[in-house]
Amino acid sequence: MNGSNAPADVPAHRGALLPLLGADQEVIDFFAGVADVDATNPADQELEDGVRLASGARLEQFARAGSGDAFCFAGEGGEERPVVYVSLDGGAGLLTLGLPELVQLCLVAPWWRDAPGRTAGELQAVADEYREDMPDLDRRRDRAARALGLDPAGLPSEAAALARLVELSRGPVAAACLVVGCEGDPLDPLFVSTPADAG
């Protein structure tokens with residue numbers, strides 16, 4: 001948390017963000033329609049039987065992707081809890097330290113799922129494709145940000161958000177958020193560290 005990639009501008013929300021993700025139409029349009037984070041019915045979200053944290057701590061699903069992949073809070077507490085992504089393809093991993101940080105990641109890089117293993121140039125191509133398919137992407141992002149009480153000008157850059165995602169995936173919180181499947185085997189990591197990354 002003391003690196004240059006730490007999100008210094010993540011706001012401390014007095015109110016809860018999660019209800020806004022499922023109630024404000026402009027927010028729903030962006031998060032469910034663009035970023036593929038559907039939080040419209042968090043009470044109905046339920047993980048596949050047996051999927052859990054290896055530590056025994058609580059794993060609470062609060063949103064889903066169109067594919068059925070799950071966004072979950074790890075441990076006890078509120079929206080400041082680590083957010084873990086659980087894929088139906090057998091992968092899982094830490095995304096952010098809290099819902100406010102997830103919101104920022106999805107606002108600036110809704111294509112974050114394409115980040116693992118891609119170079120900066122390849123990611124730029126993905127971003128360009130998103131914008132080509134959705135010419136009003138930036139306008140929709142800005143409207144959703146304002147509806148959440150965020151200043152679009154204060155959002156991190158795409159590069160900073162993606163670097164933060166990779167940084168967190170290799171840290172101690174990620175290790176504590178190891179997800180196992182119904183047979184007790186760890187799910188594959190979302191981001192695979194190479195020997196050069198370990199230093």
Side-chain angles (χ1 to χ4, degrees), residues 1 5-48 51-53 55-87 92-113 137-158 160-162 164-165 167-169 171 173-174 176-177 179 190:
M1 289 292 293
N5 291 329
D9 297 327
V10 173
H13 289 270
R14 289 191 181 278
L17 273 174
L18 190 56
L20 290 176
L21 293 182
D24 185 285
Q25 194 57 51
E26 297 216 323
V27 175
I28 293 170
D29 288 347
F30 185 88
F31 280 84
V34 178
D36 199 18
V37 181
D38 184 351
T40 51
N41 293 298
D44 295 340
Q45 310 289 358
E46 197 169 310
L47 281 169
E48 183 180 339
V51 174
R52 62 197 187 281
L53 289 176
S55 67
R58 185 177 182 201
L59 189 62
E60 176 191 352
Q61 184 175 351
F62 64 86
R64 74 180 55 188
S67 62
D69 294 354
F71 294 85
C72 307
F73 288 124
E76 299 295 332
E79 295 180 355
E80 78 287 350
R81 288 177 286 172
V83 174
V84 174
Y85 188 78
V86 181
S87 167
L94 175 69
L95 293 184
T96 63
L97 298 182
L99 186 58
E101 196 176 343
L102 177 69
V103 162
Q104 291 199 352
L105 171 66
C106 291
L107 284 168
V108 301
W111 50 85
W112 65 264
R113 290 173 188 82
L137 176 64
D138 291 344
R139 181 182 61 80
R140 292 175 69 174
R141 176 203 64 213
D142 291 354
R143 289 171 67 170
R146 289 189 187 99
L148 291 168
L150 299 171
D151 177 1
L155 293 172
S157 68
E158 295 167 18
L162 292 172
R164 171 73 172 162
L165 184 64
E167 173 195 16
L168 285 176
S169 75
V173 179
C177 291
V179 179
L190 294 181

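A pairwise comparison of heavy atoms in Cys177 and Leu53 identifies O-CD2, 3.5 Å as the closest pair. In terms of heavy-atom proximity, Ala39 sits nearest to Leu21 at CB-CB, 3.9 Å. The two atoms that bring Ala174 and Leu94 nearest to each other are N-CD2, 3.6 Å, heavy atoms only.
Every residue meeting the side chain to side chain contact (heavy atoms under 4.5 Å, CB included) condition with Arg141, not counting sequence neighbours, appears here in chain and number order: Phe30, Leu107, Arg131, Asp138, Leu155. In terms of the side chain to side chain contact (heavy atoms under 4.5 Å, CB included) criterion, residue partners of Ala147 (sequence neighbours excluded) are, by chain and number, Asp24, Val27. With sequence neighbours left out, Glu60 forms a salt bridge (charged side-chain N to carboxylate O under 4.0 Å, His left out) with Arg58, Arg81. Residues satisfying the side chain to side chain contact (heavy atoms under 4.5 Å, CB included) criterion with Ala92, sequence neighbours excluded, are Val86, Val179, Leu187. The side chain to side chain donor-acceptor pair (under 3.5 Å) test applied to Ser55 returns no partner, not counting sequence neighbours. Arg140 is linked by a side chain to side chain donor-acceptor pair (under 3.5 Å) to nothing, counting only residues two or more places apart in sequence or in another chain. Looking at residues two or more places apart in sequence or on another chain, you find no side chain to side chain donor-acceptor pair (under 3.5 Å) involving Glu76. For Arg52, the side chain to side chain donor-acceptor pair (under 3.5 Å) test picks out no residue, with sequence neighbours left out. Residues meeting the ring-ring contact (aromatic ring centres under 6.0 Å, His included) test with Tyr85, sequence neighbours left out: Phe71, Trp112.
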Val34 and Leu137: side chain to side chain contact (heavy atoms under 4.5 Å, CB included), yes or no, with the steps?
-> CA-CA 8 Å; Val34 178; Leu137 176 64; 3.5 Å; yes
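Side-chain contact between Arg164 and Leu97: present, with at least one pair of heavy atoms (C-beta onward) separated by less than 4.5 Å. Counting heavy atoms from C-beta on, the side chains of Arg113 and Asp36 come closer than 4.5 Å. At least one side-chain heavy atom of Val103 sits under 4.5 Å from a side-chain heavy atom of Leu150. Between Phe31 and Asp38 the shortest side-chain heavy-atom distance does not fall below 4.5 Å. Between Leu190 and Ser169, every side-chain heavy-atom pair lies at or beyond the 4.5 Å cut-off. The side-chain heavy atoms of Leu95 and Leu165, taken from C-beta on, include a pair separated by under 4.5 Å. With a 4.5 Å cut-off on side-chain heavy atoms, Ile28 and Thr40 count as touching.
Here the CZ-CG distance, from Arg64 to Leu47, works out to 9.5 Å after rounding to the nearest 0.5 Å. Within the model, atoms CG of Leu20 and CG of Leu148 stand 6.0 Å from one another, a figure rounded to the nearest 0.5 Å. Taking CG from Leu102 and CG from Leu17, the interatomic distance works out to 9.5 Å, rounded to the nearest 0.5 Å.
Side-chain N or O atoms of Glu158 include none that pairs as donor or acceptor with a backbone N or O of Ala160 at under 3.5 Å. At least one donor-acceptor pair under 3.5 Å links the side chain of Glu79 to the backbone N or O of Leu18.
Pairs passing the salt bridge (Lys or Arg N to Asp or Glu O under 4.0 Å) check and including a residue from residues 145-157, sequence neighbours excluded, do not occur.
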